[in-house]
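Notes for the one structure printed next.
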Amino acid sequence: MDIYLVEALLNGLLLGGVLALLALGLNLIFGVIDVVWIAYAELVMCGMYVVYWLLALAALIAILSVAVLGLLVHQLIIAPILGSPAINQLLATGGLLFFLQSFATLLFGTDFRNIGLRLPILEFADMNVSFARLIAFGVAVLGAGALYGFLSKSFLGTAIRAIGQDREIVGLMGVDQRRIYLVTSAIGGALAGLAACLLVLQYDVHPFIGLSFGPITFMICVLGGLGNMLGGFVAAFIMSEIISVGGFYFSQEIGEVLAFVVFIALIFVRPQGIFGRS
Amino acid sequence: MQTRRSVLKLATAGVAASPLLSVPSLVRAQEKPIRIGVLYDLSGPFAAAGSLPCAIGAQIAIDLANEHGGVLGKYKVEPVKADSQSKADVAINEAERLIDQENVDIILGIYSSAHAVPLAAKLEARKKILWITTAIASSVFKGKDLHYVFRAQIHSDQYGEAGASFLAEHAKAKLGVDPKDLKVAVIYEDGPYGTGVAEADVAQCKARGIDQIVLREGYSASTPDLSSLVTKLRRARADVILHTGYNPDITLFLRQSREAGLRFKMLIGNGAGYSQIDKLRDTFGADIDNFCNVDPVPAQLLDPKSLAPAMGDLIKIMVDRYKAQTGAKEVPPHTSMGFNQTWLLLEKVLPIAISKYGGTDPEAVRKAALDVDIAPGGTIQGYGVKFFPPGTPMSGQNERSTPVVMQYVKDGTKVVWPTPIRTADPVLPLPASSPYAVT
């Protein structure tokens with residue numbers, strides 16, 4: 001087998017890890033609160049700035065601070081419009097996207113920044129693998145496993161899943177919806193913070209980094225079935241492999257075009273997404 | 001009460017004064033400042049990829065003109081600033097606002113070629129002046145027969161010419177291979193800027209006998225991953241990579257290349273992100289030592305003695321003020337572009353427009369621009385200025401603009417091509433100390 005094709009497949013797998021991690025939080029929030037946080041990648045950007053400025057305790061503080069940011073977003077923006085039409089909710093989170101981009105520009109300027117941390121590179125079989133990407137992949141898999149464990153084994157997780165299944169009836173069972181929404185927003189924010197810690201090892205931080213990840217993350221969530229975490233996880237790897245292997249055989253641009261073609265074709269066949277419920 | 005005689009006197013006085021009233025634009029210019037729209041990307045990814053240094057350079061030139069009383073020492077310049085936010089649709093909307101609501105006749109600036117192409121068509125149709133300081137795609141002008149759009153800056157075809165000439169000149173002596181055996185990869189962001197330069201890279205390489213273009217591939221500047229491109233470059237084993245990009249795609253490419261173990265003998269960037277040397281050094285430190293970059297020369301790298309009198313003083317003012325404003329250690333070429341083209345408009349074109357053609361309306365400015373004839377050495381960036389006239393294939397483009405090839409060395413930047421004006425002998429191939437060097 002062509003060693004370079006193996007490298008392309010591996011690259012796709014590692015990229016899939018990054019995208020899967022991003023899709024986890026967005027899917028969780030949609031599945032439970034039923035609101036698309038179109039500004040989710042901008043929360044990741046905020047987390048990356050926290051890591052950049054507070055390197056020593058960065059990871060913990062970034063995760064906590066973006067979790068708090070998630071709470072604030074829910075309380076200040078989402079909660080007042082929970083009963084509004086979906087388009088209003090979309091516009092509100094879209095407004096948040098522009099606000100966060102502009103606010104970051106105002107605070108940090110338009111410069112590209114990086115933490116200057118260099119992780120080792122693994123070499124084997126004439127291939128080089130980025131340690132930073134390997135860590136991101138590992139954490140994404142572990143994060144998905146931990147989230148699955150939390151949602152299926154803990155009482156809080158069960159309540160979250162119950163709300164995802166039927167938000168009307170669950171209140172009658174004694175579950176405090178407001179509290180669950182807050183917890184979900186905080187977990188979604190924390191996952192964005194975790195993603196930020198891993199992305200900052202691979203990418204420069206700038207106010208518009210969200211533009212690179214936002215659209216594809218949203219696409220992955222839709223492909224997997226909005227709100228379906230397993231679907232999002234699988235879809236992340238499908239998309240990343242198409243981009244990577246398509247890019248290898250054809251060109252970088254064609255790889256991305258192919259990913260969109262597959263996305264459109266699958267959505268025609270299964271409008272609810274690969275794992276979504278009809 | 002006015003008598004018939006007094007009314008006749010007033011009427012006679014009015015007729016006598018009419019010659020003065022027949023030059024309204026000049027009278028208005030004396031009463032009001034010259035308002036010029038200044039349109040750059042002050043936010044979004046293009047801001048840090050060179051647009052902001054351009055805007056600062058342009059403002060320094062405007063400040064300098066106003067400190068000396070303005071154009072011709074008496075017409076102050078009032079910039080009306082707008083932010084195109086790194087988005088073509090915003091650039092078009094802002095240009096329309098500047099024309100319709102701010103009533104400007106001249107728009108100066110434009111960093112991105114993706115903005116310049118539609119803006120050139122729009123301002124040409126509106127018969128307003130578009131004075132491009134930075135965007136370089138040849139396609140802005142080629143075959144369009146523009147009358148109201150001008151660019152003294154170099155154009156994308158010239159990037160290919162500089163890079164290919166530099167390689168052809170040094171392939172045998174420095175790299176030990178004939179140009180025909182040199183393996184070159186051309187990678188580029190897929191907007192008008194990258195595509196235009198890449199086309200020129202390929203055409204100019206082939207024209208000089210560098211036939212082995214082992215990979216030619218574009219990508220979106222906002223892509224989150226370039227690893228498959230890097231893998232293909234590893235497989236193609238290119239000796240030289242010609243790269244045209246903005247940022248952060250350049251930093252993403254260099255980072256993923258290093259991680260994937262991509263090796264090459266030389267990398268030649270083509271302006272934009274590669275000209276933001278301070279930013280690249282912050283990210284990569286000494287890793288980018290000995291990389292080359294094609295762009296119009298940053299004025300401070302030229303020997304003032306080779307330029308017209310007073311150019312040296314202008315360069316010093318520009319450099320001092322830019323460093324004071326930004327705290328930067330290096331002044332990027334974009335600052336020179338913004339300053340030079342603005343200075344040219346204010347000091348060379350508008351004086352002719354006012355004194356010879358009676359004002360600063362688009363027709364007067366257009367005629368004045370075509371009259372400008374500056375010999376090489378007459379601007380801070382070394383090149384002369386003479387615009388191709390209407391009816392020629394590149395109508396509105398400066399026919400005397402020239403780029404240079406620069407090389408990043410430990411203590412700054414050196415000019416390594418054209419050979420007659422170089423300030424250092426180029427280092428080729430990359431030395432073993434580089435993490436990208438072929439070992």
Side-chain angles (χ1 to χ4, degrees), chain A residues 2-8 10-12 14-15 18-19 22 101-102 105-106 109-114 116 118-123 126-133 199 202-209 211-213 215-217 240 243-256, chain B residues 41-49 51-52 83 85-87 187-190 215-236 246-253 255-262 273 276 278-280 282-285 287 326 328 435:
Chain A
D2 183 354
I3 192 76
Y4 296 109
L5 175 60
V6 177
E7 189 171 296
L10 196 61
N11 285 335
L14 297 180
L15 175 66
V18 173
L19 297 177
L22 287 165
Q101 283 182 355
S102 305
T105 305
L106 205 64
T110 54
D111 280 350
F112 301 89
R113 301 162 195 272
N114 77 95
R118 287 192 180 183
L119 297 178
I121 297 162
L122 300 179
E123 293 183 44
D126 199 28
M127 286 190 297
N128 293 28
V129 178
S130 156
F131 206 67
R133 290 200 140 198
L199 290 183
Q202 305 170 47
Y203 298 93
D204 285 355
V205 191
H206 57 95
F208 304 93
I209 181 80
L211 294 175
S212 295
F213 293 100
I216 194 164
T217 305
S240 62
I243 291 172
S244 191
V245 177
F248 176 75
Y249 274 118
F250 304 104
S251 73
Q252 191 86 20
E253 292 161 318
I254 297 290
E256 287 169 18
Chain B
D41 301 295
L42 305 177
S43 58
F46 293 156
S51 186
L52 217 46
D83 177 9
Q85 300 176 19
S86 305
K87 297 170 188 162
I187 59 172
Y188 54 97
E189 67 83 28
D190 58 9
L215 183 71
R216 176 183 177 174
E217 190 164 322
Y219 60 84
S220 163
S222 62
T223 185
D225 184 54
L226 286 167
S227 55
S228 61
L229 176 62
V230 172
T231 297
K232 286 159 81 173
L233 283 166
R234 270 173 28 87
R235 186 174 61 171
Y246 291 112
N247 234 337
D249 55 312
I250 289 175
T251 47
L252 179 64
F253 170 71
R255 187 178 286 122
Q256 292 196 328
S257 296
R258 195 181 62 82
E259 289 172 350
L262 177 66
Q276 307 311 307
D278 264 8
K279 307 278 181 281
L280 287 179
D282 280 350
T283 307
F284 296 104
D287 287 2
T326 62

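Just so we're clear, the structure is a prediction, and the values are computed from it rather than from any experiment.
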Discussion item. Looking only at heavy atoms and a cut-off of under 4.5 Å, which of A:Phe208, A:Phe213, A:Phe131 has the most pairs with chain B?
Written reply: A:Phe208
Worksheet, complete the sentence: By salt bridge (charged side-chain N to carboxylate O under 4.0 Å, His left out), B:Asp225 pairs with (sequence neighbours left out) A:Arg133
Worksheet item: If every non-hydrogen atom of B:Pro248 is compared with every non-hydrogen atom of A:His206, which pair is closest and at what distance?
Response: CG-NE2, 3.4 Å
Practice prompt. Just give me the residue among A:Asp111, A:Val245, A:Val18 that pairs up with chain B most often, heavy atom to heavy atom, under 4.5 Å.
Written response: A:Asp111
Worksheet entry | Side chain proximity check, B:Thr251 to A:Asn114, heavy atoms < 4.5 angstrom | no
Worksheet item: When only pairs under 4.5 Å are counted, which of B:Val230, B:Asp282, B:Asp287, B:Leu215 shares the most heavy-atom pairs with chain A?
Response: B:Asp287
Worksheet item: Based on non-hydrogen pairs under 4.5 Å, which of A:Asn128, A:Leu199, A:Leu14 is most in contact with chain B?
Response: A:Asn128
Item to complete: For residues A:Ser244 and B:Ser228, report the shortest heavy-atom separation together with the two atoms involved.
Response: O-CB, 3.4 Å
Worksheet, complete the sentence: Cut-off 4.5 Å, heavy atoms of chain A, and the answer for B:Gln256 is side chain
Item to complete: With side chain to side chain contact (heavy atoms under 4.5 Å, CB included) as the test, would you mind laying out the steps for B:Ile187 and A:Gln252 before giving the verdict?
Response: CA-CA 11 Å; B:Ile187 59 172; A:Gln252 191 86 20; over 6 Å; no
Response to the item:
When rounded to the nearest 0.5 Å, the distance separating CZ of A:Phe112 from CG of B:Asn247 is 4.5 Å
Discussion item. I need the B:Gln85 CD to A:Gln101 CD distance, nearest 0.5 Å.
Written reply: 9.5 Å
Worksheet item: When you check the gap from the basic side-chain N to the acidic O, do B:Arg255 and A:Asp204 get nearer than 4.0 Å?
Response: yes
Worksheet item: Say you draw a straight line from NZ of B:Lys232 to CD of A:Glu7; how long is it, rounded to the nearest 0.5 Å?
Response: 13.0 Å
Item to complete: Name the region of A:Phe248, side chain, backbone, both or neither, that has any atom closer than 4.5 Å to a heavy atom of chain B.
Response: both
Worksheet item: Under a 4.5 Å heavy-atom cut-off, does chain B meet the side chain of A:Tyr203, its backbone, both or neither?
Response: both
Worksheet entry | Side chain proximity check, B:Leu252 to A:Gln202, heavy atoms < 4.5 angstrom | no
Discussion item. Quick check on the interface: out of B:Leu226, B:Leu52, B:Leu262, who has the most heavy-atom pairs with chain A under 4.5 Å?
Written reply: B:Leu226
Discussion item. I'd like to know if the side chain of B:Thr223 pairs up with that of A:Glu256 as donor and acceptor (distance under 3.5 Å, no hydrogens or angles considered).
Written reply: yes
Discussion item. Is B:Arg234 in contact with chain A via its backbone, its side chain, both, or neither, using a 4.5 Å heavy-atom distance?
Written reply: both
Discussion item. If only side-chain N and O atoms count, and only distance matters, is there a donor-acceptor pair under 3.5 Å linking A:Ser251 with B:Glu217?
Written reply: no
Worksheet item: What part of B:Leu42 gets closer than 4.5 Å to chain A, counting heavy atoms only: side chain, backbone, both or neither?
Response: backbone
Discussion item. Restricting to non-hydrogen atoms, name the atom on B:Ser222 and the atom on A:Ser212 that form the minimum distance, rounded to 0.1 Å.
Written reply: O-OG, 3.0 Å
Fill in: Under 4.5 Å from a heavy atom of chain A, the part of B:Leu229 involved
both
